[in-house]
Amino acid sequence: MSVGQTKSLRSRNDLLFDILNYFVLSVIALIVLYPLYFVFIASISNPTTVLNGEMWIWPKGITMEGYLRIFKEDSIWRGYENTLLYTSVGTIINVTFTVLAGYALSRRDLYGRNTIMVYLLITMFFSGGLIPTYLVVKKLHLVNTMWALILPKAVSLFNVIIARSFFQDTIPNELLEQAKIDGCSDFTFFARIVLPLSKAIIAVLALFYAVGYWNSFFDALIYLGDEKKYPLQLVLRNILVIQNELASQFVTDVESAEVQQRVASLLKYGVIVIASLPLLVVYPFIQRYFVKGVMIGSVKG
């Protein structure tokens, strides 16, 4: 077989591989994106067509009634405000503690770091459980405060391990030794050299923690008793799980039970869209840091 025939065969095989690869990836993307698209078109469609299965690709009976009622409802906007507060404060605290712990455990001159890692790893397999955790939170007078949602999970050991692996593979000891020769202290080295080189892992950790806070509702269900402090996801849960009760609460100007159910369905899909929108908007801006941080911090680790 000549060189030209070999190249032609290889090019043909490459083309077939690319076609198959694009086809598989397109199917996976469709499987992932269609539920998001369905929720969006369901939020602006006639609920009757959605319940009857008449809507698949295009919205039918377009209506903005659900969004108009969401924009008027104070509890939903209050939940939005609370979620933004919890996510911002919690992510800052989590990322700070995780980066500090990961960097310290990556240093070979940390005395007893292997012993510390063993103790930390034990917590990944054993925990006190819900009731002891609640009692601790209660003893610390954190119940019904936002700190009950933040401080008990201020550090994720899984993320600490990712950060530790990242620092071990990215920050060589020679760099630290050179900085010390130039008179650089440990704190200055961390602040001026390590942090600027760690934008990728910081973005990854921030995304992990922010998504966790944004989607969390169970902790708020356990620790919060004041509805004014409910995060958005807990408000969303109430709409999804207790639709009939919330329909009468949100829709006081509608007498028909059928119409109340219709409006509740619009609220359900509309709040899902509003709750998911911020993360969908933010993710493209940190995607390159996310991919780089995961590849370095997770795969190499």
Side-chain angles (χ1 to χ4, degrees), residues 36 39-40 43 67 70-71 73-102 130 133-134 137 140 142-163 166 195 198-241 267-294 297-298:
L36 299 176
V39 169
F40 172 71
S43 68
Y67 288 105
I70 289 174
F71 294 150
E73 183 53 46
D74 293 337
S75 65
I76 293 178
W77 288 112
R78 192 184 307 118
Y80 224 124
E81 181 181 349
N82 292 335
T83 297
L84 288 173
L85 176 63
Y86 302 155
T87 301
S88 302
V89 176
T91 300
I92 292 174
I93 292 176
N94 290 150
V95 172
T96 300
F97 288 169
T98 301
V99 170
L100 292 175
L130 179 60
T133 303
Y134 179 85
V137 172
L140 294 175
L142 300 178
V143 175
N144 207 29
T145 67
M146 77 170 186
W147 301 112
L149 312 181
I150 297 174
L151 295 183
K153 52 182 182 181
V155 176
S156 167
L157 182 56
F158 176 77
N159 291 337
V160 170
I161 295 174
I162 292 180
F166 178 90
L195 289 182
S198 306
K199 293 179 180 179
I201 194 62
I202 292 175
V204 170
L205 295 175
L207 180 63
F208 283 170
Y209 284 123
V211 170
Y213 279 111
W214 193 269
N215 294 328
S216 176
F217 73 92
F218 185 73
D219 290 341
L221 185 64
I222 297 298
Y223 298 120
L224 297 183
D226 187 357
E227 293 186 0
K228 294 182 179 180
K229 299 179 181 179
Y230 280 0
L232 180 63
Q233 297 301 334
L234 190 54
V235 177
L236 174 60
R237 171 193 174 274
N238 292 337
I239 293 177
L240 295 175
V241 178
L267 286 172
K268 174 181 68 176
Y269 289 114
V271 172
I272 293 176
V273 173
I274 291 178
S276 305
L277 189 61
L279 295 180
L280 296 176
V281 171
V282 170
Y283 180 76
F285 294 98
I286 61 176
Q287 181 181 10
R288 60 191 182 99
Y289 295 110
F290 177 79
V291 174
K292 182 179 178 182
V294 169
S298 183

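Treat the numbers as computed from the prediction; the structure is a model and nothing was measured.
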Revision key, fill the gap. For I93 and W147 the tightest heavy-atom approach is CD1-CZ3, 3.7 Å
**Study point:** L149 side, atom CG; I222 side, atom CD1 - distance, nearest 0.5 Å
**Key:** 11.0 Å
Review point. Do you know which two heavy atoms are closest between K228 and R78, and how far apart they sit?
Key: O-CD, 3.2 Å
Check your understanding: Do Y80 and L85 pass the side chain to side chain contact (heavy atoms under 4.5 Å, CB included) test, and can you show the C-alpha distance, the side-chain angles, and the key distance before you say yes or no?
Key -> CA-CA 9 Å; Y80 224 124; L85 176 63; over 6 Å; no
Practice item. Please answer whether the main-chain N or O of L232 pairs with a side-chain N or O of T83 as donor and acceptor at a distance below 3.5 Å. Key: yes
Check your understanding: Is a donor on one side and an acceptor on the other found under 3.5 Å between the side chain of T91 and the backbone of S88?
Key -> no
Check your understanding: How far apart are the closest heavy atoms of N82 and P231, and which atoms are they?
Key -> CB-CA, 4.3 Å
Check your understanding: Got S156 and Y209 here, is their nearest side-chain heavy-atom distance under 4.5 Å?
Key -> yes
Practice item. May I ask you to check if K229 and Y223 form a cation-pi contact, with NZ or CZ under 6.0 angstrom from the six-membered ring centre and within 45° of the axis? Key: no
Practice item. Go through L84 and W214 one step at a time and tell me if the side chain to side chain contact (heavy atoms under 4.5 Å, CB included) criterion holds. Key: CA-CA 8 Å; L84 288 173; W214 193 269; 3.5 Å; yes
Exercise for review: Could you walk me through whether L224 and T145 pass the side chain to side chain contact (heavy atoms under 4.5 Å, CB included) test, one step at a time?
Suggested key: CA-CA 7 Å; L224 297 183; T145 67; 5.9 Å; no
Point to revise | D226 side-chain N/O to N144 backbone N/O, donor-acceptor pair under 3.5 Å | key: no
**Study point:** Nearest-0.5 Å distance that lies between atom OH in Y213 and atom CG in D219
**Key:** 9.0 Å
Exercise for review: Test I202 against every option in V95, L207, T96, T98 by the side-chain contact (heavy atoms from CB on, under 4.5 Å) rule and name the one that passes.
Suggested key: V95
Review point. Can any side-chain N or O of N94 pair as donor or acceptor with the backbone N or O of K153 at less than 3.5 Å?
Key: yes
Study note, to complete from the structure: Note: G225 and Y230 closest approach over all heavy atoms is O-OH, 4.3 Å
